[in-house]
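For reference, the structure discussed in these notes is given below.
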Amino acid sequence: MSIRVLYAYSAADGDAHIALENATDEMDRQLTTLEHQFTSVSVIGHSHTCAATEIVTAGMFGRPKAGFVVTISTVVDVH
């Protein structure tokens, strides 16, 4: 038995759905990688947050835009 803690993070301007989808895709990639490396992968716990924030784009004229940040934490047991 080996416990692993996985984190996925995303920020996006506009709709919270975009940030959530990006973070979920990243978590899926991490879990798929573990499934290829181990015989058994069991999710023990899961937590997520979604918070409103300001996103500033890069560049000289970057202006703050309303956006969201999403963090997903997952605890897994791998064998």
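With sequence neighbours excluded, no residue forms a side-chain hydrogen bond (donor to acceptor under 3.5 Å, both in side chains) with Glu21. Taking Arg4 as the reference, Ser2, Leu34, Phe38, Val76, Val78 meet the side chain to side chain contact (heavy atoms under 4.5 Å, CB included) condition, with sequence neighbours excluded. Residues that satisfy the side-chain hydrogen bond (donor to acceptor under 3.5 Å, both in side chains) test with His46, not counting sequence neighbours, are His48. Contacts of His36 classified as side chain to side chain contact (heavy atoms under 4.5 Å, CB included), with partners at least two apart in sequence or in another chain: Thr32.
Nearest approach of Ala8 to Ala23, heavy atoms of both residues: CB-O, 3.4 Å.
Among Val70, Val69, Leu20, the single residue meeting the side chain to side chain contact (heavy atoms under 4.5 Å, CB included) criterion with Cys50 is Val70.
Atom CZ of Arg29 and atom CG of Leu6 lie 13.0 Å apart (nearest 0.5 Å). Here the straight-line distance linking atom OG1 of Thr74 with atom CG of Leu31 works out to 6.0 Å at 0.5 Å rounding.
Sorted by first then second residue, the ring pair (Phe, Tyr, Trp, His ring centres under 6.0 Å) pairs that include residues 6-33, not counting sequence neighbours, number zero.
Cluster partners of Ile55, using a side-chain heavy-atom cutoff of under 4.5 Å among ILVMFWY residues and allowing indirect links: none.
Contact of the Ile18 side chain with the Asn22 side chain is registered, since non-hydrogen atoms from C-beta on lie closer than 4.5 Å.
Residues Ile3 and Val43 do not share a hydrophobic cluster, defined by chaining ILVMFWY side chains whose heavy atoms lie under 4.5 Å apart.
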